[in-house]
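Report on one structure; see the data block that follows.
Quick caveat, the model's predicted, so the values are computed rather than measured. Numbers for residues simply follow the sequence, beginning at 1. Every heavy atom of this structure was used, including side-chain atoms; hydrogens, water molecules and symmetry mates were not.
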Amino acid sequence: MTEFEKNCYGMTEADIREQYLGSITVKLSGVPMLVAGILSDCQEMLEMGYDKDAIRKQLNVAKFILSEMMDAKERV
């Protein structure tokens with residue numbers, strides 16, 4: 001894991017692709033619903049008093065996934 005990945009996401013970009021983009025949610029509902037779910041999780045994390053850094057990292061994961069989705073559409 002690079003220092004950037006550690007500070008930005010808390011995991012590698014490869015892990016995001018595998019764990020999130022390879023999930024059953026994406027297969028059944030698509031990437032937009034996956035991102036919506038991550039954003040909902042962030043809202044819950046705020047309400048439950050999670051560390052701001054953990055929430056920031058989840059938001060960055062959502063942005064990374066959106067970026068991947070946009071890149072994939074450009075390739076088509």
Side-chain angles (χ1 to χ4, degrees):
M1 175 182 328
T2 67
E3 194 66 26
F4 172 79
E5 290 171 324
K6 178 182 174 187
N7 292 330
C8 191
Y9 311 116
M11 62 178 57
T12 67
E13 291 178 0
D15 286 340
I16 294 170
R17 287 183 189 99
E18 180 183 327
Q19 294 176 23
Y20 287 89
L21 294 173
S23 71
I24 190 78
T25 302
V26 170
K27 288 176 180 63
L28 296 177
S29 302
V31 175
M33 283 304 295
L34 171 68
V35 173
I38 294 169
L39 295 176
S40 291
D41 291 347
C42 289
Q43 287 177 308
E44 290 296 318
M45 292 168 76
L46 278 169
E47 288 297 314
M48 294 172 28
Y50 272 68
D51 177 65
K52 288 181 183 179
D53 194 52
I55 299 166
R56 180 188 60 79
K57 287 178 181 176
Q58 279 299 108
L59 290 169
N60 284 337
V61 167
K63 292 189 295 186
F64 176 82
I65 292 168
L66 286 173
S67 175
E68 290 286 292
M69 183 179 76
M70 290 185 301
D71 287 348
K73 284 186 177 185
E74 287 178 8
R75 282 186 247 128
V76 172

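Side chain of Ser23 to backbone of Gln19: no donor-acceptor contact under 3.5 angstrom is found. Not a single donor-acceptor pair under 3.5 Å links the side chain of Gln58 to the backbone N or O of Ile55. Side-chain N or O atoms of Asp15 include none that pairs as donor or acceptor with a backbone N or O of Met11 at under 3.5 Å. Side-chain N or O atoms of Lys27 include one that pairs as donor or acceptor with a backbone N or O of Gly22 at under 3.5 Å. Judged by distance alone, the side chain of Asn60 and the main-chain N or O of Cys8 form a donor-acceptor pair under 3.5 Å.
When all heavy atoms are compared, the tightest approach of Arg17 to Glu68 is NE-OE1, 3.0 Å. The minimum heavy-atom distance linking Arg56 with Asn7 is given by the pair NH2-O, 2.8 Å. Considering every non-hydrogen atom in both Leu21 and Val31, the closest pair reads CD2-CG2, 4.2 Å. Considering every non-hydrogen atom in both Leu34 and Tyr20, the closest pair reads CD2-O, 3.6 Å.
Tracing side-chain contacts under 4.5 Å through hydrophobic residues (I, L, V, M, F, W, Y), one never reaches Met70 starting from Val35; they form parts of separate clusters. Residues Ile16 and Ile24 do not share a hydrophobic cluster, defined by chaining ILVMFWY side chains whose heavy atoms lie under 4.5 Å apart. In the hydrophobic cluster analysis, where Ile, Leu, Val, Met, Phe, Trp and Tyr join through side-chain heavy atoms closer than 4.5 angstrom, Met48 is grouped together with Ile38. In the hydrophobic cluster analysis, where Ile, Leu, Val, Met, Phe, Trp and Tyr join through side-chain heavy atoms closer than 4.5 angstrom, Tyr50 is grouped together with Leu59.
The 12-atom threshold is exceeded at CE of Met1, counting heavy atoms of other residues, nucleotides or ligands nearer than 6.0 Å.
Lys63 contributes atom NZ, which lies 10.5 Å from atom CG of Leu39 (distance to the nearest 0.5 angstrom).
Here Asp51 pairs with nothing under the salt bridge (charged side-chain N to carboxylate O under 4.0 Å, His left out) rule; sequence neighbours left out.
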